[in-house]
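Please read the structure below before turning to the comments.
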Amino acid sequence: MRIALPYLDRVLEADLSWGRPLPPLDISEAPPLKDVDAALYAALEAPLGLNAPLRETLPDRGEVLILVSDSFRQTRADRFLPPLIRYLEEHGVTGDRIAFLFATGTHRPPTDGERRAILGESVYARFRDRVYDHDPQNPAGLVNTGTTSRGTPVYLNRRACEAAAVIVTGTVVFHYFGGFGGGRKSILPGIAGKATIAANHALNLDPIADRLNPDVAIGRTRGNPVAEDMLEGSQFRRDLFLINTVLNRNGQIAGLFAGDLAAAHGAACDLARSLYGAPLRERADLVIASAGGAKNFVQSHKALYNAWQALNPGGVIILAAPAPEGLGGNRFAEWLALGTRDRIIAALRARAEINGQTALSTVEKAKNTLFLTEMTDADVHMLGGRKSASLEDALAEARRRLAANGVTAPACILMPSAGYTVPIEAGATPEK
């Protein structure tokens, strides 16, 4: 078994002669759209779930606000924003009426260089003075738009609430508790207040038992209280227009969907499920996975979560997670410092906090994980895992641990794109 894992600007490689290789789990192949401009125009003229093309619903005056994802999400907005702006201008929206808002949720705002990469050179150069960052902790920049049926107080970005029109953009991948990214996640948590995000994420917990809610699952939107609360909280206005991409394994646009927030998102989820859901024939004793370019551990956790879905009880994960920005997440380290599953659950019940659920998931999985990372030894220790000096060192330690458990010829799975690839067992139904 030849292992090749992307890591920063290089590839880590090694041979594994003592394991029994299983088929690797990876994103399916999909060709890129041949003409993104034409595909966007067609989608805007025949939007999913709506009765009229976008041009017929554009306001005669006032700001048209375009929500864009931050630097932690690759959407290829740089490819579809130029034709979108051209379409708007062709139908009466002058450039001075167009503005952009980064839907950062609780992430840090993008740097100047990241803004340039996200928007594309031409859009950045032209609109840089009309690009804004969402701040979830500034009460003056938020508007209370009501309360969801599950009790989440909905505070959303004031500029988005007061704009004449809002176009929501993003990309769709699996999400470990929201079901899927994209769609309503650009609103909640994207442009929501901190208290709103915390209350929504607290729905991760089972309302009775001290455990994560089993209805909160990756690939599940219907019947998932977190996902349904996100959608309800995002419906602060009925004229939202959605543009979502689905990217192939090379980061190119494989699908582009536009229209009603729920309808267009649902269609994008169908394509994302077919690309990112990988059939799992057999669970492995050793999963060797890469978190790719995730900037911190909070983002790398997605790869850990997905790798865990392919692991036998008592197995070992080797996770290549450079995480050059460290642990990441506001107060994430404080949750990790609680140390145990029971203490984190008790704290979450007492005080909903945004990063608590990720910390809870981490302490359950990291103890089985060997990290290849730029994080410090102290950070990895706080996660509950072990830092390995090299891929060879990690393989040697994994072999030792497995042999101690009586596994001498372990089944091994490689997951080179584990942050996006979701193992789907035979007979499983990811959508409820």
Side-chain angles (χ1 to χ4, degrees), residues 63-78 80-81 84-85 98-143 154-163 166-171 173 175 178 181-198 200-201 230 233-234 243-245 292-302 322-334 353-355 358 419:
E63 183 175 85
V64 175
L65 185 66
I66 302 173
L67 304 188
V68 287
S69 298
D70 60 24
S71 62
F72 296 90
R73 305 278 189 275
Q74 185 186 23
T75 67
R76 294 311 311 269
D78 60 308
F80 65 75
L81 285 177
L84 173 61
I85 292 168
I98 299 171
F100 297 85
L101 176 66
F102 281 108
T104 57
T106 59
H107 297 161
R108 64 163 175 78
T111 65
D112 193 60
E114 289 168 343
R115 290 170 185 254
R116 185 188 306 272
I118 294 165
L119 300 177
E121 287 287 347
S122 63
V123 174
Y124 175 81
R126 182 179 177 191
F127 293 95
R128 62 184 302 171
D129 293 331
R130 291 195 295 281
V131 175
Y132 307 95
D133 297 318
H134 171 63
D135 183 352
Q137 302 190 73
N138 177 18
L142 301 171
V143 174
V154 183
Y155 291 86
L156 298 177
N157 184 277
R158 182 176 297 278
R159 180 174 290 274
C161 292
E162 295 176 352
V166 176
I167 298 174
V168 182
T169 73
T171 198
V173 294
H175 191 272
R184 68 279 181 273
K185 278 189 90 267
S186 294
I187 307 296
L188 200 177
I191 60 167
K194 183 178 179 181
T196 301
I197 300 169
N200 170 260
H201 287 17
M230 285 177 176
S234 70
I243 301 172
N244 269 177
T245 59
K295 297 183 179 183
N296 57 42
F297 176 76
V298 170
Q299 294 301 314
S300 301
H301 166 263
K302 298 169 185 176
E325 295 184 8
L327 291 174
N330 297 329
R331 303 183 65 184
F332 180 58
E334 294 181 26
E353 175 63 44
I354 296 161
N355 287 303
T358 303

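- The local environment of CZ in Phe80 is crowded, with over 12 non-hydrogen atoms from other residues, nucleotides or ligands closer than 6.0 Å.
- Side-chain N or O atoms of Thr169 include none that pairs as donor or acceptor with a backbone N or O of Ile243 at under 3.5 Å.
- Once rounded to the nearest 0.5 Å, the distance linking CG of Asn157 with CG of Leu142 reads 7.0 Å.
- Looking at heavy atoms from C-beta onward, Met230 lies in side-chain contact with Pro189 at the 4.5 angstrom threshold.
- Formation of a donor-acceptor pair under 3.5 Å by the Thr196 side chain with backbone atoms of Tyr155 is found in this model.
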Trace of the side chain to side chain contact (heavy atoms under 4.5 Å, CB included) decision for Leu81 with Val68: CA-CA 10 Å; Leu81 285 177; Val68 287; 4.3 Å; yes

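- For the pair Arg158 (side chain) and Ala140 (backbone), a donor-acceptor distance under 3.5 Å is present.
- Of all non-hydrogen atoms in Glu114 and Pro109, the two that sit nearest each other are OE1-O, 4.5 Å.
- Note that CZ of Arg73 is 11.5 Å distant from CD1 of Ile118, once rounded to the nearest 0.5 Å.
- The shortest non-hydrogen separation linking Val154 to Gly233 is CG1-O, 3.5 Å.
- His134 contributes no side-chain N or O that, together with a main-chain N or O of Leu101, makes up a donor-acceptor pair within less than 3.5 Å.
- In plain terms, the two heavy atoms of Val131 and Arg115 that are nearest each other are CG1-NH1, 3.1 Å.
- Rounding to the nearest 0.5 angstrom, the gap separating the CG atom in Asp70 from the OG1 atom in Thr111 is 11.0 Å.
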Steps toward side chain to side chain contact (heavy atoms under 4.5 Å, CB included) verdict (Val298, Phe72): CA-CA 10 Å; Val298 170; Phe72 296 90; over 6 Å; no

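- Contact of the Ile167 side chain with the Val64 side chain is registered, since non-hydrogen atoms from C-beta on lie closer than 4.5 Å.
- Heavy atoms only, all atoms of each residue included: Arg108 and Thr104 are closest at O-CG2, 4.2 Å.
- Ion pairing between a basic and an acidic side chain is recognised when a charged N comes within 4.0 Å of a carboxylate O; Arg130 and Glu63 show no such pairing.
- Considering only heavy atoms from C-beta on, His107 stays 4.5 Å or farther from Lys295 through its side chain.
- Shortest non-hydrogen contact noted between Ser186 and Leu67 is O-CD1, 4.1 Å.
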Pair Arg128-Leu119, side chain to side chain contact (heavy atoms under 4.5 Å, CB included): steps then yes or no: CA-CA 9 Å; Arg128 62 184 302 171; Leu119 300 177; over 6 Å; no

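- Put simply, NE2 on His301 and OG1 on Thr358 are 5.5 Å apart, with the number rounded to the nearest 0.5 Å.
- With rounding to the nearest 0.5 angstrom, the CG atom of Asp135 is 11.0 Å from the OG1 atom of Thr106.
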Steps toward side chain to side chain contact (heavy atoms under 4.5 Å, CB included) verdict (Lys185, Ile187): CA-CA 5 Å; Lys185 278 189 90 267; Ile187 307 296; over 6 Å; no

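- Put simply, CD on Glu334 and CG on Asn355 are 10.0 Å apart, with the number rounded to the nearest 0.5 Å.
- A side-chain donor-acceptor contact under 3.5 Å links Asn244 to the backbone of Gly170.
- Side-chain contact between Ile85 and Arg126: present, with at least one pair of heavy atoms (C-beta onward) separated by less than 4.5 Å.
- In terms of heavy-atom proximity, Pro110 sits nearest to Ser71 at CG-N, 4.5 Å.
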